[in-house]
Amino acid sequence: MRRLLAPLILAMGVLSACAFGAAEFATYRQAFETQYVEGEKVLDEVARAERALVDQQFSRQSGVRAFDPDEAKYYVKVGDPPLTGAIRASLTALKDYNDALSGLATGEAAAAVRGELSSANSALKSSLTALGGATGVDTAFVGTLSGGIGKAITILEVIERAQNRIDFREQLVAGHPDMKALLQTLRAGTPAMFDVVQLSRTTLGGLGGSDGVSGDNLVRLEEFRALMAGWVILIDQSILAMDQAVVAVATQSGNPDLTALIDASVELEILAGAIKAARN
């Protein structure tokens, strides 16, 4: 009887390990997605504004403008301009990092987890190169963002080299402070993003309005302010939820209490719903 029961007990143990926090981490992944979606909406507007702002700067220069390969993404209106592209790649990399956390906790294949992180790393490297061509934007923020992306690239490269699930878990947990810092960098950069949008809607030498922004442009700017404010609120709650997710992954073998993770995730979902309702 014992010989018959042994394989069954072993199988039950494996299933239990794979099912660790499945429901809780599914809720967390979905909740983090709500913040990501709001960020995408913000960046769609920032992309339009960044390109319009640079177009204005180019048009004010006399004569024929020399070709600068570092400005290529401004000349061809395909994809994001440099600053927006770097921010969007950072946001996507953070989403992939959190997907990896969730996948690792719930039994996702290591190859799938590695694929998510590899894709995120490639996007970050491409954006870091393009960021060198950003023009007409806050240079201090560009420098801070470049530093944060550089750290994230190093972290993801280390995680990609993990040989087994234990290594994956240890490296994901070890990388949390710098990935969290990258999300905080995006939050801290929202004033610079707002400035890009404001400047793109400013009429130099124009009369009336507020600081050269008038009429429909002022209405649109205030709508963008509300959109960005909602994203910041969700970033703050996402940071709290990410902290709890990392704690859960770090203590996975010790059967941790996932109440804090589910509470933070549910609060993020509730905030997202309230923000969406307030805009309608």
Side-chain angles (χ1 to χ4, degrees), residues 9-36 39 88-128 147-186 235 238-265 268:
I9 293 172
L10 177 60
M12 290 176 65
V14 171
L15 289 173
S16 176
C18 291
F20 161 77
E24 291 85 354
F25 271 91
T27 300
Y28 167 64
R29 179 181 283 192
Q30 180 177 340
F32 196 90
E33 179 84 14
T34 63
Q35 176 270 134
Y36 174 80
R88 199 186 300 271
S90 299
L91 190 62
T92 300
L94 284 159
K95 177 181 176 298
D96 289 340
Y97 171 80
N98 279 278
D99 286 347
L101 278 174
S102 301
L104 182 69
T106 57
E108 187 174 321
V113 174
R114 184 178 287 108
E116 292 171 348
L117 298 178
S118 178
S119 176
N121 207 16
S122 296
L124 284 177
K125 289 178 179 178
S126 176
S127 293
L128 186 59
I149 291 176
K151 289 182 179 179
I153 288 172
T154 300
I155 290 165
L156 295 180
E157 286 178 342
V158 172
I159 297 173
E160 283 182 62
R161 292 196 294 269
Q163 298 300 310
N164 53 57
R165 298 184 68 81
I166 294 177
D167 285 345
F168 261 120
R169 182 171 72 240
E170 291 177 349
Q171 295 302 332
L172 281 168
V173 171
H176 169 244
D178 285 325
M179 297 305 290
K180 175 180 175 179
L182 181 58
L183 186 53
Q184 291 171 325
T185 295
L186 299 186
I235 287 176
S238 293
I239 289 172
L240 296 177
M242 186 190 298
D243 287 343
Q244 295 302 326
V246 170
V247 169
V249 169
T251 58
Q252 179 177 348
S253 60
N255 190 28
D257 181 1
L258 298 177
T259 301
L261 173 60
I262 199 68
D263 286 349
S265 300
L268 181 53

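Scope of the values below: all heavy atoms of this structure, side chains included, with no hydrogens, waters or symmetry mates.
Considering only residues two or more places apart in sequence or on other chains, Lys95 meets the salt bridge (Lys or Arg N to Asp or Glu O under 4.0 Å) condition with Glu33, Asp99. Judged as a side chain to side chain contact (heavy atoms under 4.5 Å, CB included), and not counting sequence neighbours, the contacts of Ser265 are Thr27, Tyr28, Ala31, Leu261. Partners of Asp243 according to the salt bridge (Lys or Arg N to Asp or Glu O under 4.0 Å) rule, which considers only residues two or more places apart in sequence or in another chain, are Lys180. Taking Ala260 as the reference, Gln244 meet the side chain to side chain contact (heavy atoms under 4.5 Å, CB included) condition, with sequence neighbours excluded. Under the rule for a side-chain hydrogen bond (donor to acceptor under 3.5 Å, both in side chains), the partners of Thr92 that lie at least two apart in sequence or sit in another chain are Tyr36.
The CZ atom of Arg169 sits 12.0 Å away from atom CG of Leu101, with the distance rounded to the nearest 0.5 Å. Distance check: Leu182 CG to Leu186 CG gives 5.0 Å after rounding to the nearest 0.5 Å.
In this structure, the side chain of Arg114 engages the main chain of Ala162 through a donor-acceptor pair within 3.5 Å. Between the side chain of Ser126 and the backbone N or O of Ser122 there is no donor-acceptor pair closer than 3.5 Å.
Taking both residues in full, the closest heavy atoms of Phe32 and Leu268 are given as N-CD2, 3.8 Å, listed atom of the first, atom of the second, then distance. Between Leu183 and Ser238, the shortest heavy-atom contact is CD2-CB, 4.4 Å. The heavy-atom pair separating Ala248 from Leu258 by the smallest distance is CB-CD2, 3.4 Å. When all heavy atoms are compared, the tightest approach of Glu116 to Ala100 is OE1-N, 3.6 Å. Across all non-hydrogen atoms, the minimal contact from Ala120 to Ala93 is CB-CA, 3.7 Å. The nearest pair of heavy atoms linking Met242 to Tyr97 is SD-CE2, 4.5 Å.
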Point to revise | Worked verdict on Ile235 versus Ile239 for side-chain contact (heavy atoms from CB on, under 4.5 Å) | key: CA-CA 6 Å; Ile235 287 176; Ile239 289 172; 4.1 Å; yes
Please output the side-chain donor-acceptor pairs of residues 148-160 that fall under 3.5 Å, not counting sequence neighbours, one pair per line with the distance.
unit_1	atom_1	unit_2	atom_2	d
Thr154	OG1	Gly150	O	3.2
Glu157	OE2	Lys125	NZ	2.9
Glu160	OE2	Asn121	ND2	3.2

